[in-house]
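Quantities reported herein were computed from a predicted structural model and do not represent experimental measurements. In what follows, chains are A, B, ... by sequence order, proteins preceding strands, each numbered from 1.
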Protein chains: 2
Amino acid sequence: MSPRVGLNLEMIIKTAAEMADKEGIETVTLASLARKLNVRSPSLFNHISGLPNLKRELSLYGLKLLYESLAVATEEKEKDEAIIAMANAYLLFSREHPGIYELTLRAHDPNDQEMDQASSRILHLISSILADYHLNDEETIHAIRGFRSILHGYSSLEQKGAFGMPVKLEDSFHLLLEGYISFLRKK
Amino acid sequence: MSPRVGLNLEMIIKTAAEMADKEGIETVTLASLARKLNVRSPSLFNHISGLPNLKRELSLYGLKLLYESLAVATEEKEKDEAIIAMANAYLLFSREHPGIYELTLRAHDPNDQEMDQASSRILHLISSILADYHLNDEETIHAIRGFRSILHGYSSLEQKGAFGMPVKLEDSFHLLLEGYISFLRKK
DNA sequence: TCATTATAACTAATGCCATTAGTTTTTCAA
DNA sequence: TTGAAAAACTAATGGCATTAGTTATAATGA
């Protein structure tokens, strides 16, 4: 009675990610997702265990994509050049994937090792770039937190439209980075 | 049959705000709110026009509270001292009111003048503090965006638990601010 | 090849939620 | 004191996530 349509987890995640990015996270419901996939919503449960689990999958997917973007952008680069490349890649990611970007920051189950690992890969990438500045352990912690704050703060506010007219947006971001870098160097 | 319980908009907003801060935004539903107020959920519609409208009221309430906190904190202060005072007040607000803090950043209807005004009061407050540094118009725009990015980025990441163990959190924040201030001074 | 088994789709049903319609009760002002 | 406006209510609707139970398809192994 029901022809198999060949649904799988990857299709589900990619379709949901596209919805989250183009139409907003809140529009991603199992009902709307099932409609887009030409399937009845209970069928999704053969591949995911529910909406919270789908969100977790999206978050994980986003972390992996973000890591790839950052890694590619910073390949073969070091110091200021690496910092700027990473910052640009980060901002670009948040612009192209506003939905899954926001999902990457959702607090996750502390027992979820896969999520932990995906997050820490990004942290290590940042850490490896900052290593070029020869900071001690404590300074490195502060530097990572500061860098992430700048990246997330700027991306998040821009994405929410909090900056109003998009005048000289790039300049604002680069000046902020410049300030951060000059402070790094003084350490 | 139904004794009037004396519900009003203020009670509704304050109760909802408390739920948002203590139990999370997603737990604020008209059903749960009505239960907490000992009322049936349709009764809420005599005071608000629905859940989206309640969220808007919460956002407005948050913006007003945040403005007050920042204004009080920076009274009679200027330059670095004012910046640090504002930053501390901002971070404190996001810690004490994580729910409504997040709601203050929700994109709002561009025709909603009351929301516009509540947002711009905060912007003007920041602007007035930065005026002490005698920046030109363009530099001021960049400086405001940078300051807001740092404040929001740090607050948001801390609130989401993205910094992991809360080791030397205050230090990280103040170092970041210090970097920002030294950059301001160089302009 | 064919029978068995697992899997992936389905329908039906439940319960929660937001919202609307329509009713009753209370308050308040003329 | 009476009548209108407001604030509560019940009942009903429709959408959603999720579960249970059913059927069809695919995959496996004799």
Check: Rounding to a whole Å, what distance do you find between B:L7:CG and C:dT27:P?
Finding: 14 Å
Notebook entry, point to check: Among C:dA18, C:dC10, D:dC9, which nucleotide sits nearest the side chain of B:L51?
Noted result: C:dA18
Next item on the list: Report the distance from atom CD1 of A:I48 to atom C1' of D:dT18, rounded to the nearest whole Å.
Entry: 11 Å
Notebook entry, point to check: Quick one: A:L30 CG to C:dC10 P, roughly how many Å, whole number?
Noted result: 14 Å
Next item on the list: Would you sort out whether B:L184 and B:D80 count as a side chain to side chain contact (heavy atoms under 4.5 Å, CB included), showing the intermediate values?
Entry: CA-CA 10 Å; B:L184 265 190; B:D80 300 5; over 6 Å; no
Next item on the list: Could you tell me whether the phosphate oxygens of C:dC17, OP1 or OP2, come under 4.0 Å of any side-chain nitrogen or oxygen in B:R35?
Entry: yes
Notebook entry, point to check: Side chain of A:P42: nearest nucleotide among D:dA20, D:dC16, C:dC17?
Noted result: D:dA20
Check: If you check every side-chain atom of B:S41, which of C:dT19, C:dT11, D:dC16 has the closest atom?
Finding: C:dT19
Check: Is the centre of the A:Y90 ring less than 6.0 Å from the centre of the A:Y101 ring?
Finding: yes
Next item on the list: Please tell me which of B:N8 and A:V28 maps to the more 5' nucleotide of DNA chain D, matching each residue to the nucleotide holding its nearest heavy atom.
Entry: B:N8
Notebook entry, point to check: Is there a side-chain contact between B:H134 and B:E139 (heavy atoms, below 4.5 Å)?
Noted result: no
Margin query: If you only use heavy atoms from C-beta on, which nucleotide in D:dT18, C:dT19, D:dA17 is closest to the side chain of A:T29?
Written below: D:dA17
Next item on the list: Whole angstrom is fine here: how far is it from NZ in B:K36 over to P in C:dC17?
Entry: 13 Å
Notebook entry, point to check: With the threshold set at 4.0 Å, does a side-chain nitrogen-carboxylate oxygen contact exist between A:E158 and A:R95?
Noted result: yes
Checklist line | Phosphate OP1/OP2 of D:dT10: any B:R40 side-chain N/O under 4.0 Å | finding: yes
Next item on the list: Mind calculating the distance between CZ (A:F45) and C1' (D:dG21) to the nearest angstrom?
Entry: 15 Å
Check: The side chain of B:N46 lies closest to which of these nucleotides: C:dC10, C:dT19, D:dA8?
Finding: D:dA8
Next item on the list: Respond yes when some side-chain nitrogen or oxygen of B:H47 is under 4.0 Å from OP1 or OP2 of D:dA8, and no when none is.
Entry: yes
Checklist line | Whole-Å distance separating the CG atom of A:L44 from the P atom of D:dT19 | finding: 13 Å
Item checked: Check: A:F183 ring centre within less than 6.0 Å of B:F183 ring centre -> no
Notebook entry, point to check: What integer distance in Å separates B:I12:CD1 from D:dA7:P?
Noted result: 10 Å
